[in-house]
Amino acid sequence: MTDPHERYLESALDELYQGGPEPDLAERILERDADAPRLQVLRDKPPARRRRWLWLQAACAVLAVGLITLLLLPREDDRLPDTIAAQQDSFRVNGDNIELESGWYVLNTGAPAVKAGGSSIEQVIGRAVVKVGEIPDEQELRAQNEWLRQNGVEEDMSARNWMKVGGMAVCLLVGSAVVDGQPVHAQEAERKRVKELENELEKARKDLERAEHESEHDAEEPAWDREQAEKELKARREELDGLQKKIADLEAWTPNGDDGKAEEVRNEREMLLKAAGDLEREIRRAELTMEIHDVEQRVAELDASVEDLRAQLKKEPDNDNLKLKLADQDAVRNDLQRKLDKLHLDIANLEKGGKDEATGAEPITIDFVQKNIHEVMHTIAMRAGLQIVVEGELQIKITVMFREIRPREAIRAICKANQLEMIEDGGVIIIKQGKAEQGHVTRADDSRDPDAPINVNFVEVSLSEAIIDIQKRSGLNVEMHLPPGEDPVVTLHLEKIAPRAIVKIMCEGADLRVIDRGDLLLVRPALADMSLKDIEAELDQTRSERGAVENRMQFSEVAREAAQQEGDKQAVKEHTDHIAMLKDRLNELDGEIKTLEEAVKARKR
Amino acid sequence: MAEQLDRETLVRRHHVGVWRYLRFLGCEREQADDLTQETFLVFLRKPFDYNGHASTSAYLRKIARFIYLEARRRSATTDAATIEEAERVFAETAGESDGADYLDALAECVKTLAGKAGDAVKLQYGEQRSQEEIAELLGMKPNGIKTLLQRARAHLRDCIERRLR
């Protein structure tokens with residue numbers, strides 16, 4: 001189990017069923033600590049602490065001579081705690097602090113504050129080496145090598161980043177410490193780790209390229225290995241963490257007047273940011289791929305179950321329970337298929353992120369089940385950077401799955417399969433009803449009227465299930481984008497109400513937005529529940545949709561002029577009605593764009 | 001006025017949170033007990049500024065994390081990057097109550113698991129049965145149990161998130 005959220009839940013479940021720590025743990029801690037020096041909690045805030053020091057200083061002033069004499073004398077109490085190892089040492093214990101005078105020290109987690117020459121190092125969580133005086137040279141380090149090794153420092157200290165603070169040289173090996181009031185991290189160690197990660201990343205990239213190259217020549221797709229994928233994903237996340245830490249370190253770097261160094265830091269930061277961006281995309285792609293495999297597996301399981309149910313139903317055609325079960329399974333399968341479509345779309349959009357949209361020639365992958373042709377063409381237009389106009393009120397639902405296909409080929413294939421005509425007019429592709437089939441619109445749900453009133457009686461049903469039920473019964477097209485993990489429970493009893501009104505009532509009750517696009521209802525999270533990125537994405541999509549509607553309107557205006565010139569009154573009337581409808585649609589889209597723009601502005605403020 | 005705290009109060013207030021954190025990092029129960037003690041031994045021997053519950057928890061976690069990493073380093077299984085991520089998730093998820101609110105929400109959410117999902121969770125975490133045993137008891141395939149438990153956990157996470165929001 002790699003996801004830490006999942007791991008947290010696992011440990012919480014374990015605690016829920018198996019209980020928390022032993023009831024006497026607190027007593028055991030207090031007992032073990034009974035002989036230790038008393039905990040010194042500085043209860044008040046910093047000003048109070050300063051006052052305490054002022055008082056101490058005043059006392060020191062009064063007892064100056066005597067105290068100094070006492071401090072200079074060797075005492076039984078002048079011993080270093082276990083958390084500090086020393087060599088050639090000379091120091092004074094001064095209350096909570098240790099004043100270093102000479103020597104070498106290894107400070108481990110829990111060491112008290114040490115001071116030298118007016119500087120201090122405290123709150124060590126990890127390990128630090130301190131030498132009183134200047135930063136040691138190679139020879140000095142070699143001389144201390146054995147002692148350092150005995151105290152758990154086995155690394156090459158000459159390759160380490162030493163810093164001079166006050167009267168001492170400090171090298172933080174692992175973890176962090178507070179040096180002169182500033183938190184310091186073992187940057188050098190991190191730097192090394194990042195370097196290693198960068199090398200690993202480069203290696204992983206090369207491996208990936210090689211794998212991609214090989215897969216092009218491999219006729220059989222290799223079996224997907226979840227365990228391996230999880231391992232790789234974990235490795236990528238670790239690499240990303242390392243990169244982000246390195247970036248944070250570079251961002252925390254303070255210019256010291258060395259322009260060359262500043263330039264170097266800037267360049268390194270930019271390079272790392274780019275690498276982190278690539279890695280983030282790679283991680284997202286891997287996450288989506290894993291999710292797709294999970295959903296595909298569930299779809300396969302459901303398909304098997306549906307097959308069994310159908311076989312049983314053949315034997316018992318009057319078994320209502322079986323029929324209901326089959327309908328349920330179908331609904332769940334449709335839900336999963338929609339999720340799968342969305343995941344494929346997400347992954348395709350992710351791939352597109354790195355490509356030149358202007359060429360429009362990049363292959364695309366699309367996977368739709370029972371989607372409205374307007375939506376399909378809209379998606380293709382968005383992803384391929386093409387101008388597509390779908391003429392008239394085509395109400396065709398299509399199921400397509402293309403992998404790595406040229407956008408124009410995909411459109412041509414869809415048109416051919418659905419008896420549609422594809423006309424390329426300059427940079428615009430126009431899709432219209434095929435001549436042979438004009439006047440007959442194929443509709444998957446043509447037996448049902450999406451606006452005919454229906455009755456509903458939902459008792460504690462999830463919103464998505466309720467909407468799917470309405471879709472099935474009325475033929476109403478609803479596209480749902482519920483917030484992740486959100487599927488509110490609905491209890492509703494209504495009679496003789498238009499299906500779209502029911503959907504709106506349910507969604508409003510669940511604090512969701514419903515966007516009415518005539519033949520399609522879009523269910524979206526409330527703007528307040530969306531991230532800025534998602535709102536901006538929706539804004540882009542809505543603007544692009546507006547552009548498409550505008551194109552359609554211009555096309556209809558041209559067609560109306562042509563009809564006027566030909567004197568075809570019937571056609572003129574039809575085009576005029578159509579233009580009026582498109583104008584209404586444009587107004588609605590303008591309203592949506594304005595709302596989204598305001599939401600973006602508000603978020604940015 | 002700042003709170004008056006003594007070592008006993010600090011131990012009693014924070015030891016469960018530290019123990020919970022160590023369990024989350026991957027310690028077995030006994031190891032979590034030992035390392036919680038080690039953590040407090042380090043903590044109680046040092047002076048520190050008390051700036052509230054949250055910062056004390058974070059400070060204790062920092063010590064616990066180091067002690068845990070040291071223990072793992074000794075067994076040559078160090079994984080610092082994962083620990084960093086774990087720290088972030090724990091701080092986010094456990095919140096100011098050190099995980100007590102999460103546990104309460106979980107107790108409520110477990111009650112909403114119906115049918116086989118509820119049985120499977122009880123058998124896995126309550127009776128610590130293997131997935132093969134659970135499959136046999138519930139008349140399902142082991143793969144089905146794996147999927148069922150995944151779904152149950154997903155439901156629990158959603159439910160907890162809603163309750164804590």
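Below, read A as the first sequence line, B as the second, and so on, with proteins coming before strands; counting in each chain starts at 1.
- Proximity to chain A (any heavy atom under 4.5 Å) is restricted, for B/Tyr102, to the side chain, taken from C-beta onward.
- Contacts of B/Ala32 with chain A are absent, with no heavy-atom separation under 4.5 Å from either backbone or side chain.
- Contact annotation for B/Glu92: only side-chain heavy atoms (C-beta onward) come within less than 4.5 Å of a heavy atom of chain A.
- Across B/Arg61, B/Lys62, B/Arg65, a single residue satisfies side chain to side chain donor-acceptor pair (under 3.5 Å) together with B/Glu87, and that is B/Arg61.
- Under 3.5 Å, the side chains of A/Glu465 and A/Ser462 contain a donor-acceptor pair of N or O atoms.
- For B/Ala154, no part lies under 4.5 angstrom from a heavy atom of chain A.
- B/Thr112 and B/His155 are linked by a side-chain donor-acceptor pair at a separation below 3.5 angstrom, with hydrogens and angles left out of the test.
- Residue with the most contacts toward chain A among B/Thr93, B/Leu156, B/Val16, B/Thr147: B/Thr93 (heavy-atom pairs, distance under 4.5 Å).
- Screening A/Glu230, A/Glu232, A/Glu287 for a salt bridge (Lys or Arg N to Asp or Glu O under 4.0 Å) involving A/Arg237 leaves a single residue, A/Glu287.
- Side-chain contact of A/Tyr17 with B/Gln128: a donor-acceptor pair under 3.5 Å is absent, judged by distance alone.
- The candidate from B/Glu127, B/Lys122, B/Gln150 with the greatest count of non-hydrogen atom pairs under 4.5 Å with chain A is B/Lys122.
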